[in-house]
Amino acid sequence: MYLLEMNHVRKEFDGQGVLRDISLSVREGEIVSIIGPSGSGKSTLLRCATMLEQMDGGELIYIGEKAAWEGSDGKSVYAKKENLKEIQKHYGLVFQNFHLFPHMTVLRNVTDAPIHVQKRKKEEAEASAMELLRKMGLEEKANAYPCQLSGGQCQRVAIARALALNPRILFFDEPTSALDPELTGEVLKVIKSLADMQITMVIVTHEMAFARDISDRIIFMDGGVIVEEGKPEDVFASNNVRTQSFLGRYGEI
C-alpha cells in the first residue's frame, strides 16, 4: 500500500524550475533516502510533500486521499482546509534546526500538540511522551529547557515530538546538518532504531554511508529532477556519470 504518492510535481521560484515533473511513491514500512547536491530540490520536494510549500503543478496523495491534483489549467488545486487538516495527521516532519519552543520544557514540547491538537488527555499524553523520551535516552531531561540541551539532544526531542502524534510516515530534512560531527552519530543511531520499529520514513540526507545502510530505496536528485533511484547497492554501483561524480566526492564509490 502506498502511504505517499507525488505525481508530476512542479515548483518554481522566481521563474526558476526547482522541481521539474517529479514523481515518486512510498510504500508502508519503506525507508527512502533522498540524496543529491545542494540546490538539487531535495528540501523543496519535502516541503511540497508536507504542504509547507504549495506545488505549482502535480498531484499529492496520502493513503489514497488527494491533497492536491492538477486542474484544467495545469496548476495544482488543493483540497478544502478541513480535508487537508485530516490528511496532515498522517505525517510528521523533523526539521534540520529542531524548531523546539524555547519557553517550554522538553516534556511540554512533546505533549503540546497531542493535548491541544489531538485533544488527548494530559495524563495520557505525558505518559506516552515519557515513554518516547525514554526511547530517545532523554527521560531525565523531561523538565529541562531546549537551551540546556546539546544539539543532538534537541534533535532527539524533535524526533520524539514528531512521533508523539503517531504519524504513518515521518519526514526528515537533513536531520544532522546543524550538528557537530560527534553529535551526528547519536541522532543517526536513533533514526536507525526507528527503522527497526518499521516506521515509514523519507530522509533527505548528506550522510551517504547512513543512507546506504538504512534505506530500502535511494533517490538521487540533481537540477530538480530524479536522476536515478533504486536499491542502495544499485545506486552506489551506478554507471550513471552524474551519480558517479556526486558519490565520488563523498568517497562512496
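Predicted model, so just to flag it, every value in this text is computed and none were measured. Both backbone and side-chain heavy atoms feed into the values below; hydrogens, waters and symmetry mates do not.
The two residues Thr111 and Ala129 come nearest to each other via the heavy atoms CG2-CB, 3.5 Å. Here the closest non-hydrogen pair linking Phe172 and Leu46 is O-CD2, 3.3 Å. Closest approach of Leu183 and Gly152 over heavy atoms only: CD1-N, 3.7 Å. Pairing each heavy atom of Tyr78 with each of Glu53, the nearest pair is OH-O, 4.0 Å. Of all non-hydrogen atoms in Val26 and Arg217, the two that sit nearest each other are CA-NH2, 4.0 Å. Between Met221 and Pro37 the shortest heavy-atom distance is O-CD, 3.4 Å.
Contact annotation: the side chain of Val225 never approaches that of Asp21 to less than 4.5 Å [non-hydrogen atoms, C-beta and beyond]. When side chains are defined from C-beta on, Ile63 counts as touching Met1, because their heavy atoms get closer than 4.5 Å. Proximity of Tyr91 to Thr50: side-chain heavy atoms (C-beta onward) are separated by under 4.5 Å at one or more points. The side-chain heavy atoms of Leu45 and Leu24, taken from C-beta on, include a pair separated by under 4.5 Å. Considering only heavy atoms from C-beta on, Leu19 stays 4.5 Å or farther from Asp56 through its side chain. The shortest distance between side-chain heavy atoms of Phe210 and Thr205 falls below 4.5 Å. The shortest distance between side-chain heavy atoms of Leu247 and Met208 falls below 4.5 Å. The shortest side-chain heavy-atom distance between Asp173 and Phe95 does not fall under the 4.5 Å cut-off.
Contact check on Glu82 versus Lys85 returns no salt bridge, with no Lys/Arg side-chain nitrogen under 4.0 Å from an Asp/Glu carboxylate oxygen. One finds no salt bridge joining Lys189 and Glu186 here, because no Lys/Arg side-chain nitrogen approaches an Asp/Glu carboxylate oxygen to under 4.0 Å.
For the atom pair CG of Asn166 and CZ of Arg168, the computed distance is 11.0 Å after rounding to the nearest 0.5 Å. With rounding to the nearest 0.5 angstrom, the CD1 atom of Ile87 is 5.5 Å from the CE atom of Met51. Atom OG in Ser150 sits 10.5 Å away from atom CD in Gln155 (nearest 0.5 Å). For the atom pair Glu139 CD and Met130 CE, the distance stands at 4.5 Å (nearest 0.5 Å). Annotation: the span from Glu86 atom CD to His90 atom NE2 amounts to 7.5 Å, rounded to 0.5 Å. Separation of atoms CD1 (Ile31) and CD1 (Ile214) is listed at 4.5 Å; rounding is to 0.5 Å.
Between His103 and Phe101, the ring planes are perpendicular. Angles over 60° get that label, and only those under 30° would be called parallel.
Under the 4.5 Å side-chain contact rule for hydrophobic residues, Val110 and Ile191 share a cluster. Phe220 and Ile203 end up in different hydrophobic clusters when Ile, Leu, Val, Met, Phe, Trp and Tyr side chains are linked at under 4.5 Å. Following chains of ILVMFWY side-chain contacts shorter than 4.5 Å, one can reach Phe98 starting from Leu138, so the two form part of one hydrophobic cluster. Both Ile159 and Leu149 are assigned to one and the same hydrophobic cluster, defined by single-linkage of ILVMFWY side chains at heavy-atom distances under 4.5 Å. Tracing side-chain contacts under 4.5 Å through hydrophobic residues (I, L, V, M, F, W, Y), one never reaches Leu179 starting from Val204; they form parts of separate clusters.
Between Val227 and the choices Ile219, Thr243, Val235, the side-chain contact (heavy atoms from CB on, under 4.5 Å) rule is met once, by Thr243.
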Criterion side-chain contact (heavy atoms from CB on, under 4.5 Å) on Arg161 and Leu100, from CA distance to verdict: CA-CA 9 Å; Arg161 181 179 61 181; Leu100 299 177; 3.9 Å; yes
Verdict with reasoning, Leu163 to Lys135, per side-chain contact (heavy atoms from CB on, under 4.5 Å): CA-CA 11 Å; Leu163 288 171; Lys135 284 179 180 170; over 6 Å; no
Criterion side-chain contact (heavy atoms from CB on, under 4.5 Å) on His99 and Asn97, from CA distance to verdict: CA-CA 6 Å; His99 287 202; Asn97 291 317; 4.2 Å; yes
Worked check of side-chain contact (heavy atoms from CB on, under 4.5 Å) between Tyr62 and Leu4: CA-CA 5 Å; Tyr62 277 95; Leu4 169 68; 3.7 Å; yes
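With hydrogens and angles ignored, the 3.5 Å screen pairs a side-chain donor or acceptor of Ser193 with a backbone N or O of Val190. Without hydrogens or angle criteria, Asn109 side chain to Met104 main chain gives a donor-acceptor distance under 3.5 Å. Side-chain atoms of Thr105 come within 3.5 Å of backbone atoms of Arg108 as a donor-acceptor pair (strictly under, hydrogens ignored). Checked by atom type and distance alone, the side chain of Gln244 pairs as donor or acceptor with a backbone atom of Ser238 at under 3.5 Å. With Glu70 contributing its side chain and Ser76 its backbone, the two residues share no donor-acceptor pair below 3.5 Å. A donor-acceptor contact shorter than 3.5 Å is absent between the side chain of Ser33 and the backbone of Ile218. Between the side chain of Asp14 and the main chain of Gln16, no donor-acceptor pair closer than 3.5 Å is present.
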